Amino acid sequence: MLILSRKIDEKIKIGNDITITLIDVHGDQVKIGVEAPKNVKVFRQEVFDAIQMENKAAVAVASESANEPVISAVSALSQLLKK
């Protein structure tokens with residue numbers, strides 16, 4: 001893991017297409033901005049983990065019964081964000 005120190009408005013570049021900017025720091029909370037092409041998916045870790053779990057559950061349900069509808073990752077994410 002690479003660890004970098006940044007001040008507000010300083011940036012980190014990942015490859016040619018992704019830029020991370022330190023926006024604000026308040027106590028133990030840090031706000032960052034991520035600029036990336038639309039084809040690059042950017043998720044918070046907990047949302048990514050929830051999507052992965054829902055995808056695994058959907059595969060398990062689909063393998064148990066191919067005739068029952070499977071919850072898509074999009075609807076699973078919608079349900080998570082409503083909580």
Side-chain angles (χ1 to χ4, degrees):
M1 174 187 304
L2 174 64
I3 300 173
L4 301 171
S5 297
R6 299 277 72 198
K7 295 179 183 174
I8 293 176
D9 293 329
E10 291 184 333
K11 300 175 186 291
I12 298 169
K13 196 75 172 163
I14 300 174
N16 293 324
D17 298 331
I18 300 172
T19 302
I20 298 173
T21 305
L22 182 61
I23 304 296
D24 197 13
V25 178
H26 280 216
D28 64 348
Q29 185 176 34
V30 177
K31 291 184 181 179
I32 61 171
V34 179
E35 295 176 58
K38 290 187 185 266
N39 66 323
V40 175
K41 295 178 178 156
V42 179
F43 297 105
R44 297 186 326 253
Q45 184 68 48
E46 63 274 15
V47 172
F48 179 81
D49 292 343
I51 291 169
Q52 296 294 3
M53 286 186 350
E54 288 296 329
N55 286 345
K56 288 177 184 176
V59 168
V61 168
S63 65
E64 288 176 12
S65 175
N67 295 328
E68 293 181 25
V70 177
I71 298 174
S72 71
V74 174
S75 65
L77 180 58
S78 286
Q79 291 173 4
L80 175 69
L81 294 176
K82 288 179 184 176
K83 293 181 181 178

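The structure displayed is predicted, hence computed values, not measured ones.
The two residues L22 and V30 have their closest heavy-atom pair at CD1-CG1, 3.2 Å. Nearest heavy atoms, I20 versus V34: CG1-CG2, 4.4 Å. When all heavy atoms of R6 and K11 are compared, the closest pair comes out as NH1-O, 3.1 Å.
When the shell of 6.0 Å around CZ of F43 is examined, it contains more than 12 heavy atoms from other residues, nucleotides or ligands.
When atom types are taken as modelled, the side chain of Q29 and the backbone of H26 share no donor-acceptor pair closer than 3.5 angstrom.
No single ILVMFWY cluster, assembled from side-chain heavy atoms under 4.5 Å apart, contains both M53 and V47. One hydrophobic cluster, built from ILVMFWY side chains closer than 4.5 Å, cannot hold both I8 and I3; they sit in different ones.
Distance CD1/I23 to NZ/K31: 9.5 Å, rounded to 0.5 Å. Atom-to-atom distance recorded for I51:CD1 and E46:CD is 10.5 Å, nearest 0.5 angstrom. Taking OG1 of T21 as the start and CD1 of I12 as the end, the distance is 8.5 Å to the nearest 0.5 Å.
Residues meeting the side chain to side chain donor-acceptor pair (under 3.5 Å) test with K13, sequence neighbours left out: T19. A search for side-chain contact (heavy atoms from CB on, under 4.5 Å) contacts involving V40 returns I18, A36, P37, V42, not counting sequence neighbours.
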